[in-house]
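Single-structure report; data block below.
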Amino acid sequence: MKKFLITLVMAVLPLTANAAGGSGHLDHMDVDLHNQASLQRGMKTFVNYCMGCHSAEYQRYERAAIDLGMNPEVVAEHLIFGEQKVGEQMTNSMSKEDAGKWFGNPPPDLTLEARLRGGDWLYTYLRSFYADDSRPWGVNNAVFKDVGMPNVLGSLQGVVKANCSWEDMNAHGLAGHGIDPLTNTPLSNCTSIVKGTGELSPQEFDKVVYDLVNFMVYMGEPSKLDSHRIGTYVLIFLFLFFFLAYALKKEFWKDIH
Ligand code: HEC
């Protein structure tokens, strides 16, 4: 019994770890690993906007291509810049020392980032940059105070102006720009987007980030796609096997009773 309880606690602990992160308000997103089109768009955004600085060392292009239903040759042609082959890991050529000098903190490898921070955190973080002239890159972030990363999606989102303290924005969220469909009131009056500075509407921008985070969650646990599929077969097998075992038992015990 004691062993059982310990196992149970160990199994539940990782689930609570993310919730206790203390990162303030997080917007929720429903990860959908079965939406291949979303994962493909996410990979494209990741390669185009993130891999200049970040690597995904434990992910191979080819594995991602196959898992997401893309032809590896097409991926090699359109999503690999430079000399890399499709069978190689998704690394970049920035050295950690240079990166540390340029940014203060080097950009970490992002293969397992979604497991570390959780999808909601990433979804909120990437939409929570705002203009702050006191920072080296001219931006701060409502989830990650004094972050060393520039707002690389800024041209899509536009310039976000903030009118509240960091603590306020962190507690109530600033990413929820736009209108609450239920109450028809602005979701956050802490921030506004400077008109004409972003290529996308807030809804379109949210979708780009949604796809990107969806891909990052896949990357953190690529075998999850397989385990969903295999899990179904295992259950079907167990179901059928139950009847077989039962029939066999009846047969064996027939003469003994
Ligand atoms: C110009 C370089 C650059 C680009 C491009 C870039 N980042 Fe970053 N990123 C950084 C740096 C530097 C840090 C470290 C910030 C710090 O610790 O203060 C960072 C940190 C992060 C973190 C936080 C890591 C952690 O848990 O501490 C995440 C998540 C992240 N980046 C995601 C992304 C994504 C997704 C993209 C693509 C949309 C991207 N980054 C593009 C430079 C970059």
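Atoms within each ligand, like the ligands themselves, are counted from 1 in listed order.
Excluding waters, the count of protein N/O/S atoms less than 2.8 Å from atom 8 (Fe) of ligand 1 comes to 2.
Asn170 places a side-chain N or O within donor-acceptor distance of the main-chain N or O of Ala142, the cut-off being under 3.5 Å. No side-chain donor-acceptor contact under 3.5 Å links Ser223 to the backbone of Asp226. Proximity of a side-chain donor or acceptor of Gln40 to a complementary backbone N or O of Leu68 within less than 3.5 Å is detected. For the pair Asn92 (side chain) and Met51 (backbone), a donor-acceptor distance under 3.5 Å is present.
The distance from ligand 1 to the heavy atoms of Asn105 drops below 4.0 Å at these ligand atoms: 12 (C), 16 (C), 17 (O), 18 (O). Heavy-atom proximity to Phe103, at under 4.0 Å, picks out these atoms of ligand 1: 1 (C), 2 (C), 12 (C). Numbered from 1 in the order shown, with element, the atoms of ligand 1 that lie under 4.0 Å from a heavy atom of Leu122 read 29 (C).
Using the six-membered ring where Trp is involved, Phe215 and Tyr218 have ring planes that are tilted, between 30° and 60° apart. Relative orientation of the Tyr123 and Tyr210 rings is perpendicular, given thresholds of 30° and 60° on the angle between their planes.
Summary of contacts: the protein heavy atom closest to atom 28 (C) of ligand 1 is Tyr125 CE2, 3.5 Å. Of all protein heavy atoms, the one closest to atom 23 (C) of ligand 1 is Glu113 OE2, 3.9 Å.
Each of Asn151, Val139, Val194, Ile193 was scored for a side-chain contact (heavy atoms from CB on, under 4.5 Å) with Val159, with one residue passing: Val194.
Here's the thing with Gly148: one of its N/O atoms is less than 3.5 angstrom from an N/O atom of ligand 1. In terms of polar-atom proximity, Arg117 is counted as a contact of ligand 1, with an N or O under 3.5 Å from an N or O of the ligand. Looking at Tyr49 next to ligand 1, no N or O pair under 3.5 Å apart turns up.
Looking at Asp109 and Ser55, their side chains do bring a donor and an acceptor atom within 3.5 Å of each other. For the residue pair Asn141 / Ser128, no side-chain donor-acceptor distance below 3.5 Å is found, with atom types taken as modelled. Ser227 and Glu221 share no donor-acceptor pair across their side chains, judged by distance under 3.5 Å alone.
Ligand 1 lies nowhere less than 4.0 angstrom from a heavy atom belonging to Trp102.
A single hydrophobic cluster is not seen to contain both Tyr125 and Leu112; linkage of ILVMFWY side chains at heavy-atom distances under 4.5 Å, directly or through other members, places them apart.
Under 4.0 angstrom from ligand 1, there are no non-hydrogen atoms of Phe46.
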